[in-house]
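Here is the structure we will look at, set down as structure tokens.
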There are 2 protein chains.
Amino acid sequence: MAADLHDTVAHRLREADQRYTTNRRALIEALSEADRPLTIPELLERQRSLPQSSAYRNLSILEEVGAVRRIVTNDDFSRYELAEDLTEHHHHLICSTCGAVEDFTVSKQLEERLMSAMTNVARRTGFQPTHHRLDLLGSCANCT
Amino acid sequence: MAADLHDTVAHRLREADQRYTTNRRALIEALSEADRPLTIPELLERQRSLPQSSAYRNLSILEEVGAVRRIVTNDDFSRYELAEDLTEHHHHLICSTCGAVEDFTVSKQLEERLMSAMTNVARRTGFQPTHHRLDLLGSCANCT
DNA sequence: CTCAGTGCAAAGGATTTGCATGCCG
DNA sequence: CGGCATGCAAATCCTTTGCACTGAG
């Protein structure tokens, strides 16, 4: 699985005429080991030798080629996670107070209902849906 | 209804020892007339005499007292809409390309399923959910 | 009168970018 | 070798803040 992940990312980069460099591999590795989206500061902690600007630039490129997904909360920092087709489809518990994010999943059945509702909306508008996002907002254990 | 809206907002402000000033009323008015969340530049266009800093400051206060809700997309600007209990429960079509946001609704039945799934997750974690967020991500008519 | 609200201008801070250097292909 | 990637530092730009003034209660 881990090998497949890197192969897939490498492939997507190559298709965009980009290289799978050490820095990029390290970012993907760090994200794949986390069980929640990480902020840039968190990523820099895990990759001490990586300069901030490289982190920003590489994450931006990884996002463009569809290897990574950027998540914005009310927190000051953006968060990054592996693109959804590289992981399991999941949702987020987002703390309204501190912006922290945790992953969670719901039943396949409910997901199917969502997909179908999604398609109906698409029929009525000029909007081309690619995916949905179901988040739970509230207060995390720390902030309660 | 319009009168009720302003009364409610005034009340929430008063409870926080805040006044319902002309600027704040104008912001609420502008948001209530829009059918989608507005960015600060958009609000300033609709309220030419309102300085930027007042917009930021007042929206921040209106958010604190629960009259307004702030929405962050991948766009550069935050967006604001009336708090959900002042409007109708709805969801967002978010353009992944330009960050534009439109409102939409789904069936009550599906909403109930979501609420119930929400409650289940809450039981399994220390997270205290307050509400959910279901967004449709994709490409808007302009960006297609 | 008092003090929250206002508006201008300056500061803050996450993110982006210019440019010289290094290194992969 | 050529060009993308890198890393440092400087610039950008949305947002926040300091401060003196105004106006509502």
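Naming: A, B, ... by sequence-line order, numbering from 1 per chain.
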*Can you find a side chain N or O atom of A:Tyr56 that sits less than 4.0 Å from OP1 or OP2 on C:dT15?*
yes

*Protein-nucleotide distance (B:Arg57, atom CZ; C:dA4, atom C1'), rounded to Å*: 11 Å

*Which pairs pass salt bridge (Lys or Arg N to Asp or Glu O under 4.0 Å) with one or both residues in residues 31-41 of chain B, sequence neighbours excluded?*
B:Arg36-B:Glu42

*Please work out if A:Ser60 contacts a base, only the sugar-phosphate, or nothing of the nucleic acid, heavy-atom cut-off 4.0 Å.*
nothing

_Rounded distance in Å - CD (A:Gln52) to P (D:dT6)_ = 15 Å

*Counting only side-chain N and O atoms of A:Asn58, is one of them less than 4.0 Å from OP1 or OP2 of D:dA5?*
no

_Is there a side-chain contact between A:Ser53 and the phosphate of C:dT15, meaning an N or O under 4.0 Å from OP1 or OP2?_
no

*Phosphate-side-chain proximity, A:Ser54 and D:dG7, N/O vs OP1/OP2 below 4.0 Å*: yes

*Divergence of helical axes at both termini of the helix from C:dC1-D:dG25 to C:dG25-D:dC1 - five pairs an end, 10° steps*: 30°

*For DNA chain C, determine which residues of residues 11-27 of chain B have any heavy atom closer than 4.0 angstrom to one of its atoms, and list them numerically.*
B:Gln18, B:Arg19, B:Thr21, B:Asn23, B:Arg24

_Value in whole Å for how far the C1' atom of C:dT15 lies from CG of B:Asp75_ = 14 Å

*What is the distance, rounded to the nearest whole Å, between atom CG of A:Leu44 and atom C1' of D:dG7?*
13 Å

